[in-house]
Amino acid sequence: MSNDSEADSKVLWAELFPAELIERQQQCPIVYMPLGLCEPHGQISAFGLDTFKAEYLCTRVARQVGGIVAPSMNYHVHETGPSAKFLEANVGEHNPYMSSVPPYVFYHFFLYQLRSFYNAGFQSAVILSGHGGAHVHDLRKISRMFQEKTGMNIWYGTDFDLVEGTYKGDHAGKYEISMLMHIRPDLIDPSKKALEELDGAGGRLAAASDADEATRAYGELICDACELALSRIVAELGLQSEPVTNRLPLPYGVIEELWSQIVRSAESGTEHWAALQPREGQAPVSEQSRWKPYEHIRMQTNL
């Protein structure tokens, strides 16, 4: 597949005029939401790598298969549960300059994002995240809850899921750095690796040991495989999706009811929410670490 733009088809919700959105939605009532965040991917990479992956794939597939791409969400869950130890090990006590938010903020807002898609008349939603972690388990569960409540089809996954068994995903290693080399070569600068040795620069900032093996050609292979897999998922969703007419809007109360169920299940321990505590057997975060306060959290404000 080529990296050139296919036709100049407008697929971004933010760029469509009302008549264009209605026509495109009637042709394919599927909405895509790219998820990512700003977090360190080594000295050689721009912070937004995760978001750029998701935006690229959603836009490419929407142009080829159909549907509309919603505004990206560039804030995501990090720091908490298993991520606390990851950050201690890979970033240490340096400022990571992350656009992360707590699970209880993101998950609650995620329900309202799904509501906006439902109320806008979409029959199916493709939520593609360029950011992996324990929260994937939780957001899939929330997606299922919303689907069961409303009947709207939802696929939630990561680019790693799309090529599982073919390419091995990573964080800021050969896989991810290669992808950004292909998608946005201007946002990878190998010469900045020398900053890892400079006092005050932050060290390696979560770069994997094989990052220097990344190539633009390898990134293109990964992107093509992701694109093909996502296209198949969307095509399957398309068979289940018909344009919606006369749908009553979903009130706030339905979302708050779902959120109350989530909070109660977390507080009572009747449901497992993976981003709230370390993985079983995971080494604890050091007591003096800046990440220690986020190792165990609740599904509501800890204050």
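Residues take their numbers from the sequence shown, with the count starting at 1.
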Near Glu164 CD, under 6.0 Å, is it more than 12 heavy atoms from other residues, nucleotides or ligands? no
His135 vs His76, ring pair (Phe, Tyr, Trp, His ring centres under 6.0 Å): CA-CA, chis, key distance, verdict: CA-CA 9 Å; His135 56 269; His76 212 319; 4.5 Å; yes
Examine distances only and state if a side-chain atom of Glu295 and a backbone atom of Val285 form a donor-acceptor pair shorter than 3.5 Å. yes
Smallest heavy-atom separation, Ala70 atom then Phe117 atom, equals CB-CE2, 3.7 Å
A side-chain contact here means heavy atoms from C-beta on lying under 4.5 Å apart; do Leu128 and Tyr32 qualify? no
If you take all heavy atoms of Asn74 and Ser99, which pair is closest and at what distance? O-OG, 2.8 Å
Side-chain H-bond candidate by donor/acceptor type, Arg298 with Gln277, under 3.5 Å: no
Keeping the roles fixed (side chain from Ser116, backbone from Gln113), state whether a donor-acceptor pair exists under 3.5 Å. yes
His78 side chain reached by Leu87 side chain, heavy atoms, under 4.5 Å: yes
Closest heavy-atom contact between Trp259 and Met299? CZ2-O, 3.6 Å
Listing request: all salt bridge (charged side-chain N to carboxylate O under 4.0 Å, His left out) pairs with a residue in residues 39-48, at least two apart in sequence or in separate chains. none
Determine whether the aromatic ring centres of residues His108 and Tyr104 are separated by less than 6.0 angstrom. no
Give me the ring orientation class for Tyr56 and His182: parallel if the planes are under 30° apart, tilted from 30 to 60°, perpendicular past 60°. perpendicular
Side-chain (Lys174) to main-chain (Thr215) donor-acceptor, under 3.5 angstrom: no
Using side-chain heavy atoms (C-beta onward) and a distance below 4.5 Å, is Val234 in contact with Trp155? no
CD (Glu220) and CD (Glu227) are apart, to the nearest 0.5 Å, by 10.0 Å
Apply side-chain contact (heavy atoms from CB on, under 4.5 Å) to the pair Leu205 and Leu195, showing each step before the final yes or no. CA-CA 10 Å; Leu205 286 175; Leu195 293 171; over 6 Å; no
If you count every heavy atom of other residues, nucleotides or ligands that lies below 6.0 Å from Tyr218 atom OH, does the total exceed 12? yes
Take a 6.0 Å sphere around OH of Tyr97 and say whether it holds more than 12 heavy atoms from other residues, nucleotides or ligands. no
Could you state the interatomic distance from CG (Asp189) to CE (Met181), rounded to the nearest 0.5 Å? 9.5 Å
Take atom OH of Tyr167 as the centre, draw a 6.0 Å sphere, and report whether it contains more than 12 heavy atoms from other residues, nucleotides or ligands. yes
Just checking Lys292: does its NZ atom have more than 12 heavy atoms from other residues, nucleotides or ligands closer to it than 6.0 angstrom? yes
For Glu197, does the CD atom sit with more than 12 other heavy atoms under 6.0 Å from it, leaving out its own atoms? no
Rounded to the nearest 0.5 angstrom, the NZ-OG distance for Lys53 and Ser129 is 8.0 Å
Check: Asn119 side chain, Leu250 main-chain N or O, donor-acceptor pair, under 3.5 Å: yes
Can you spot which of Thr150, Val31, Val254 makes a side chain to side chain contact (heavy atoms under 4.5 Å, CB included) with Tyr118? Thr150
Within the structure provided, determine whether Asp212 and Pro190 are in side-chain contact (heavy-atom separation under 4.5 Å). no
Which label fits Phe110 and Phe106: parallel for a plane angle under 30°, tilted from 30 to 60°, or perpendicular past 60°? parallel
Applying side-chain contact (heavy atoms from CB on, under 4.5 Å) to Leu228 and Arg232, what does each step give before you reach the verdict? CA-CA 6 Å; Leu228 179 60; Arg232 289 171 174 166; 3.8 Å; yes
Restricting to non-hydrogen atoms, name the atom on Val65 and the atom on Ala235 that form the minimum distance, rounded to 0.1 Å. CG1-N, 4.2 Å
Between the side chains of Asp138 and His272, is a donor N or O closer than 3.5 angstrom to an acceptor N or O? no
Would you give the length of the straight line joining atom CG of Leu239 to atom CG of Asn153, rounded to the nearest 0.5 angstrom? 11.0 Å
Treat each ILVMFWY residue as a node, draw an edge where side-chain heavy atoms are under 4.5 Å apart, and state whether Val105 and Ile262 are in one component. yes
To check you understand the geometry: which heavy-atom pair defines the closest contact between Pro96 and Val91, and what is its length? CB-CG1, 4.1 Å
Do Ile177 and Leu49 touch side chain to side chain, with heavy atoms closer than 4.5 Å? yes
Given 3.5 Å as the limit, does a donor-acceptor pair link the side chain of Gln282 with the main chain of Pro82, or not? yes
Single-linkage hydrophobic cluster Val136~Phe86, side-chain heavy atoms < 4.5 angstrom: no
Single-linkage hydrophobic cluster, 4.5 Å side-chain cutoff, Met73 and Ile127 together: yes
Is the shortest heavy-atom distance from the side chain of Val77 to the side chain of Ser100 under 4.5 Å? no
Between Asp161 and Thr158, is there a donor-acceptor pair closer than 3.5 Å when you use the side chain of the first and the backbone of the second? yes
Yes or no on side-chain hydrogen bond (donor to acceptor under 3.5 Å, both in side chains) for His171 and Asn90, after CA distance, side-chain angles and deciding distance? CA-CA 10 Å; His171 179 84; Asn90 292 280; over 6 Å; no
Please answer whether the main-chain N or O of Gly67 pairs with a side-chain N or O of Arg24 as donor and acceptor at a distance below 3.5 Å. yes
Would Lys141 and Glu271 pass as an ion pair if we require N to O under 4.0 Å? yes
Can Lys85 be said to sit on top of Trp291's aromatic six-ring, NZ or CZ under 6.0 Å from centre and within 45° of the ring axis? no
At what distance, to the nearest 0.5 angstrom, does CZ of Arg204 lie from CD1 of Ile44? 12.5 Å
Do the side chain of Glu196 and the main chain of Lys192 share a donor and acceptor less than 3.5 angstrom apart? no
One should read off an interatomic distance between Leu57 CG and Cys226 SG, to the nearest 0.5 angstrom, of 5.5 Å
Looking at Tyr156, does the NZ or CZ of Arg140 lie under 6.0 angstrom from its six-membered ring centre and within 45 degrees of the ring axis? no
Run the side-chain donor-acceptor check on residues 142-149: report pairs under 3.5 Å with partners two or more places apart or on a different chain.
from: Ser143; atom 1: OG; to: Leu139; atom 2: O; distance (Å): 2.8
from: Gln147; atom 1: OE1; to: Ile154; atom 2: N; distance (Å): 2.8

Is the backbone N or O of Phe17 less than 3.5 Å from a side-chain atom of Glu20, with the two atoms forming a donor-acceptor pair by type? yes
With a 4.5 Å heavy-atom cut-off, do Ile68 and Gln25 have their side chains touching? yes
Anything under 30° is parallel, anything over 60° is perpendicular, the rest tilted; go ahead and classify Tyr107 against Trp273. tilted
Do any N or O atoms from the side chain of Asp170 and from the backbone of Tyr175 form a donor-acceptor pair under 3.5 angstrom? yes
Taking every non-hydrogen atom, the tightest pair across Ser45 and Leu180: OG-CD2, 3.6 Å
Determine, stepwise, if the pair Trp13 / Phe122 fulfils ring pair (Phe, Tyr, Trp, His ring centres under 6.0 Å). CA-CA 12 Å; Trp13 191 340; Phe122 292 101; 5.5 Å; yes
Residue of the set Glu93, Glu88, Glu79 for which side chain to side chain contact (heavy atoms under 4.5 Å, CB included) holds with Arg290: Glu93
